[in-house]
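Atoms within a ligand are numbered from 1 in the order they appear, just like the ligands themselves. Just so it is clear, the values below take in all heavy atoms, side chains as well, and ignore hydrogens, waters and symmetry mates.
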Amino acid sequence: MSGKLILVIEDNEKNMKLVRDLLQYEGYEVLETETAEEGLRLVEEHIPTLILMDIGLPGMNGFEALKCLRASSATAGIPVIAVTASVMTQDHQKIMDAGFDGYQRKPIDIDEFLEAVRVTIERSFGERSTE
Ligand code: MN
């Protein structure tokens, strides 16, 4: 799994630490930031394999950030998983309607979370290799 770069956009220190530790343990490289604005800059610079996006962020929120990513051809194809404390069914629907590639609830379920990361990256590579 080495060489796979994951950008984590998360403003909660505790959640960030957990996600970072899990991903690094699995052998992923992790880039991190607390804001969507900084995240968008990092995406342009590093073109990560996957983005994990908190929805509630201090400035621009996760929905707005996804819109920016999808609007640029350089970043439109990068898979983005929303990670949010929201558990309402209508919020889940809103997240999928917005075009996120997946959705993970906080507090995260470790096995389910890592499986979603793995599958989303695999799917994305599969799509690219058949283009
Ligand atoms: Mn947050």
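In this structure, F100 and F63 have perpendicular ring planes: the angle between them is above 60°, well past the 30° mark.
The residues E37 and R41 are annotated as not salt-bridged, no charged nitrogen and carboxylate oxygen being separated by less than 4.0 angstrom. A salt bridge links E32 to R20: at least one charged side-chain nitrogen sits closer than 4.0 Å to a carboxylate oxygen.
Only protein N, O or S atoms were considered, and those under 2.8 Å from the Mn ion (ligand 1) are D11 OD1, D54 OD2, G56 O.
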Tabulate below the donor-acceptor pairs under 3.5 Å that side-chain atoms of residues 107-114 make, not counting sequence neighbours, or state none.
{"from": "D109", "atom 1": "OD1", "to": "D111", "atom 2": "N", "distance (Å)": "3.2"}
{"from": "D109", "atom 1": "OD1", "to": "E112", "atom 2": "N", "distance (Å)": "2.9"}

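Scored by the salt bridge (Lys or Arg N to Asp or Glu O under 4.0 Å) test, E13 finds no partners at all (sequence neighbours excluded).
Applying the salt bridge (Lys or Arg N to Asp or Glu O under 4.0 Å) definition to pairs two or more places apart or across chains, those involving residues 56-77 are R70-D101.
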